[in-house]
Amino acid sequence: DLDPDDNADGVIDRDSDHDGLIEIHNLAELDAIRNNLQGTGFTQELNGVVDSSGCPRYFINGQSIQKCIGYELMEDLDFDTNKDEKLNSADEFYHGGLGWLPIGLNVTIFSGIFEGNNHTIKNLYIQRRDENNIGLFSTLGNAEIRNLHIEIPNRIDGNNSVGSLVGFSSASHFENISANINLFSKSTQIGGLIGYAHSNNIMINCRTEGTITAGGDFVGGLVGQFLNHNSVSHSYSTVNLTSSTSYTGGLIGQAGSNNTIKMSYATGTVKGHVSVGGLIGKILSSNTISTSYATGAVQGSGNQGGLIGSIDDNNIILYSYATGAVNPGSNVGGLIGYGGGGSNIISNSYWATDNNAQLISSGSSDATNYVGLTLASLQCATSASETAAANGCVFDSGNVAVDLPAALALYNEWELAGKNIEAGEFEPYWDFGTSQQLPVLIKDGIVRRDTDADSIFDQYDVYIDIPLGDR
């Protein structure tokens, strides 16, 4: 059995289960993380005594050293500390209206583990309009955040690099993170979870819902700006975004170079100025986007597309689609607004010609199965690689304008998008539903189909066709 007091001092160890993570039970202990950003032990005040009781021991240079490697949340935390459903001076950490001071702000980076244990941080409140790197954490480097939910019913305000979880991140890992958000930035780089993901960040199974309003560039439902060598997979956003400037996307505002976005989607409405996309506002070079989609309406004044607003060179886009309405303007396309040709490889990807009122998409080609179809045709296929010979509804009279060849296969080779699991079995990433539904993604056996857009997937929803507000 574990001994929660292994040093026999009559006090429960800071790491009572000896898993290398300091236990956080309240907001005061959460606040103390800023005093030890590596998580080696609990430190009550900056430069204070480090309490590593219960932490594992390591032998380094012949010496036994006891230390932890991060923190774990042991229960839900609520910034409405007096439970009056108001956030004001009666609550701890209100700080004269400024709200929570992001962990690491103006000091250094957090580089440990933060294990949420599937708990929720409620009513996170930050009003620091003139400060950068705003979120629960300010700056992360070589950190790992996992299994956490954040609720922000009141608006978080910041200047540059604003996210519900973290403002700026580099070389960090995020998994099973969700947030219900209301964010505002008067300047640049604002994302549902991360404002600015600089490089070598990995995001798996992350999701956001809510609203974002921004006065600057790089605005995304999940990440504002993905710079280089980052990846996101099995993630999605239903956030509705409004930006007055450029690079606005339902999932990511801008992706720089050598990033990978796969098995991810966005469904929120996206409003911006230039380079506006249902999934990504703009991508630069050598990025790969695969097995992804966007269904939200897109509005801009130039370079807007149902999936991506504009792209530069040497990018790969595979097994993806867009169905959201795209408003008319300069360089507008059903899937991609501007830059789809040249050295970019775009194949087996589609857009709804009637639903978004766009018969064209930059760089489209019958030869690579990058074409537009009616929404009814995109819905009617119930499996991958369907042809007109196999399913007569795939090509109806509404497709004459795009001059489709008779042998074209809808969702061509999408059955190859999946992974090999134990015993040689293959797990597909797409579920095609009925002949009146669009394909959606699958994660761990869960079909991510939400017919009534109530944030409950159909297989768990008692009222599949009735939104929460109408029950």
Using a 3.5 Å distance criterion without hydrogens, assess whether the side chain of [X] forms a donor-acceptor pair with backbone atoms of [Y].
X: Arg129; Y: Ser185; result: no
X: Asp431; Y: Arg448; result: no
X: Asn154; Y: Asn123; result: no
X: Asp51; Y: Phe42; result: no

Show the numbers, then the answer: is there a side chain to side chain contact (heavy atoms under 4.5 Å, CB included) between Met74 and Asn117?
CA-CA 7 Å; Met74 305 306 291; Asn117 285 321; 4.2 Å; yes
How far does [atom1] of [X] sit from [atom2] of [Y], to the nearest 0.5 angstrom?
X: Ile204; Y: Phe174; atom1: CD1; atom2: CZ; value: 11.5 Å
X: Thr120; Y: Leu124; atom1: OG1; atom2: CG; value: 12.5 Å
X: Asn147; Y: Glu72; atom1: CG; atom2: CD; value: 11.0 Å

On the ring face of Trp430, is Arg449 found with NZ or CZ under 6.0 Å from the centre and within 45° of the axis?
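Not flagged: Arg449 not positioned over aromatic ring of Trp430.
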Got a sec, which pairs hit side chain to side chain donor-acceptor pair (under 3.5 Å) with one end in residues 210-224, sequence neighbours left out?
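Passing the test, one end in residues 210-224: Asn182-Thr211, Asp217-Thr245.
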Do NZ/NE/NH1/NH2 and the carboxylate oxygens of [X] and [Y] come within less than 4.0 Å?
X: Lys122; Y: Asp80; result: no
X: Arg14; Y: Glu29; result: yes
X: Arg146; Y: Glu144; result: yes

For a quick check under 3.5 Å, do [X] and [Y] share a side-chain donor-acceptor pair by atom type?
X: Ser161; Y: Gln189; answer: yes
X: Asn205; Y: Asn176; answer: yes
X: Ser246; Y: His273; answer: no
X: Ser320; Y: Ser349; answer: no
X: Ser199; Y: Asn228; answer: no

Can you check whether [X] and [Y] have ring centres sitting under 6.0 Å from each other?
X: His234; Y: Tyr429; value: yes
X: Tyr350; Y: Tyr411; value: yes
X: Tyr71; Y: Phe114; value: no

Given Phe79, which partner from the list Tyr125, Tyr94, Trp100 fulfils the ring-ring contact (aromatic ring centres under 6.0 Å, His included) test?
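It is Trp100; the other options fail the test.
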Any side-chain heavy atom of Ile261 sitting closer than 4.5 Å to one from Ile252?
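Sidechains of Ile252 and Ile261: in contact.
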When you look at Ser187 and Asn160, which way does the side chain to side chain donor-acceptor pair (under 3.5 Å) test go after all the steps?
CA-CA 5 Å; Ser187 194; Asn160 293 324; 2.5 Å; yes
Aromatic rings Phe110 and Phe137: how do their planes relate, parallel, tilted or perpendicular, breaks at 30° and 60°?
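Rings of Phe110 and Phe137: tilted, as their planes differ by 30° to 60°.
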Of all pairs that satisfy salt bridge (charged side-chain N to carboxylate O under 4.0 Å, His left out), the ones with a partner from residues 165-191, not counting sequence neighbours:
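Salt bridge (charged side-chain N to carboxylate O under 4.0 Å, His left out) check on residues 165-191 returns Asp130-Lys186.
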